[in-house]
Amino acid sequence: MTPDGPADRLADGPEAPRSDVLIAADPVEDHLTALGAALHGPPAAKARLLEELRGSLQDAVAAHVHAGMNRDLAAERAVRDCGSVDELLPACQHELTIAQVRQTARATAAATPLLLAAWYLLHTTAPSGAWHLTHTAHLLATRITTFTALAALLAFAVIALTGTLARWIPTPSRLPRTVAWTSTAVTASMALCTLVLATTMPLTDHWPLTTLATLLTAASHAVTAGPARASRLCARLPVPTLRP
């Protein structure tokens with residue numbers, strides 16, 4: 001039997017790619033992956049930040065290649081000039097922390113109408129008379145809802161401070177922590193209010209309206225819980241994210 005010639009190998013179809021061939025690593029993508037793993041914040045804002053950085057690095061690589069440098073060396077040079085992950089992390093996390101603060105503030109602001117509607121229903125349907133369980137539950141729920149509605153007003157100030165006013169007023173260094181724990185208090189209060197109302201709902205005379213108030217408080221909890229959790233994570237980061 002004679003060995004297969006080139007014609008025989010072509011007849012068998014194209015040669016399958018070898019699995020042992022190693023694909024060269026891309027310094028730019030490796031750098032962005034490491035930076036992305038170290039950052040915390042809203043996914044959309046994080047993706048946008050990394051995409052902007054990717055564009056800058058690719059432009060730098062193209063400039064080095066145009067100057068006659070090897071592409072692999074150009075990529076390594078661009079990454080080195082851009083800075084290490086530790087060097088980029090404070091500024092990048094600063095931006096994402098501000099984005100998370102604004103997202104949490106917007107979520108709290110979105111829950112404000114729900115809180116006000118729940119407060120109105122509880123205020124108008126509160127039982128009168130003796131100091132019994134239903135009366136106590138309504139009073140407690142009304143007080144909690146009033147507190148959370150007032151705390152939600154902070155959201156509008158935060159949106160202004162981190163938006164247009166940021167051009168003239170420096171962002172307070174304690175703002176992320178303040179927003180994180182205020183939103184956490186709002187979320188916890190709404191959870192407690194929902195539990196109280198759900199427990200005493202069958203005992204009330206105006207149970208349809210009380211049920212609606214319970215659903216509104218539960219909805220406000222659902223709106224603010226996720227952003228509050230993310231804000232607590234950003235507030236605990238050891239990175240100096242904000243200037244005093």
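Keep in mind that the numbers below use all heavy atoms, side chains included, and drop hydrogens, waters and symmetry copies. The model shown is predicted, which means the values in this text are computed figures rather than measured ones.
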If you apply the rule side chain to side chain contact (heavy atoms under 4.5 Å, CB included), what do you find for Cys92 with Leu35, and how did you get there? CA-CA 9 Å; Cys92 293; Leu35 180 61; 4.2 Å; yes

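- We find the CE-NE2 distance between Met69 and His64 to be 5.5 Å, quoted to the nearest 0.5 Å.
- Under a hydrophobic-cluster definition in which Ile, Leu, Val, Met, Phe, Trp and Tyr are linked whenever side-chain heavy atoms come within less than 4.5 Å, directly or via other members, Leu212 and Leu114 are assigned to the same cluster.
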Output side-chain donor-acceptor pairs under 3.5 Å for residues 73-83, partner residues at least two apart or in another chain, one line each.
residue, atom, partner, partner atom, Å
Arg77, NE, Asp81, OD2, 3.2

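- Side-chain contact check for Arg102 versus Val158: every heavy-atom pair is 4.5 Å or farther apart.
- Listed by chain and residue number, Thr199 satisfy the side-chain contact (heavy atoms from CB on, under 4.5 Å) test with Leu195 (two or more places apart in sequence, or in another chain).
- Using a distance-only test at 3.5 Å, with no hydrogens or angles considered, no donor-acceptor pair links the side chain of Gln93 to the main chain of Pro90.
- Between the side chains of Gln100 and Thr104, a donor-acceptor pair is found at a separation under 3.5 Å.
- Here the straight-line distance linking atom CG of Leu49 with atom NZ of Lys46 works out to 10.0 Å at 0.5 Å rounding.
- Rounded to the nearest 0.5 Å, atoms NE2 (His221) and CG (Leu192) are 11.5 Å apart.
- When the shell of 6.0 Å around CZ of Arg177 is examined, it contains 12 or fewer heavy atoms from other residues, nucleotides or ligands.
- Under the 4.5 Å side-chain heavy-atom criterion for grouping Ile, Leu, Val, Met, Phe, Trp and Tyr, Val196 is not connected to Val186 through any hydrophobic cluster.
- Nearest heavy atoms, Ser183 versus Thr108: CB-OG1, 4.2 Å.
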Apply side chain to side chain contact (heavy atoms under 4.5 Å, CB included) to residues Leu57 and Leu32 and explain how you reach the verdict. CA-CA 10 Å; Leu57 286 170; Leu32 293 174; 4.1 Å; yes

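- Residues satisfying the salt bridge (charged side-chain N to carboxylate O under 4.0 Å, His left out) criterion with Arg54, sequence neighbours excluded, are Glu29, Glu51.
- Residues that satisfy the side-chain contact (heavy atoms from CB on, under 4.5 Å) test with Ala47, not counting sequence neighbours, are absent from this structure.
- Remark: His40 NE2 to Leu96 CG distance equals 10.0 Å, nearest 0.5 Å.
- For Thr217, the side chain to side chain donor-acceptor pair (under 3.5 Å) criterion is met by Thr194, not counting sequence neighbours.
- Between the CG atom in Leu89 and the CD atom in Glu87 there is a gap of 11.0 Å [rounded to 0.5 Å].
- Of all non-hydrogen atoms in Pro113 and Ala109, the two that sit nearest each other are CD-O, 3.4 Å.
- Among residues two or more places apart in sequence or in another chain, the side chain to side chain donor-acceptor pair (under 3.5 Å) test is passed with Arg232 by Thr184.
- Atoms NE2 and CG, from His66 and Asp59 in turn, are 13.5 Å apart once rounded to the nearest 0.5 Å.
- For Thr33, there are no side-chain contact (heavy atoms from CB on, under 4.5 Å) partners two or more places apart in sequence or in a different chain.
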Which atom pairs, one a donor and one an acceptor, fall under 3.5 Å between side chains of residues 222-230 and the rest of the protein, sequence neighbours left out?
residue, atom, partner, partner atom, Å
Thr224, OG1, Thr187, OG1, 2.9
Thr224, OG1, Ser220, O, 3.0

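- Checked against side chain to side chain donor-acceptor pair (under 3.5 Å), Asp86 has no partners two or more places apart in sequence or in another chain.
- Nearest heavy-atom pair across Ala117 and Leu216 is CB-CD1, 3.6 Å.
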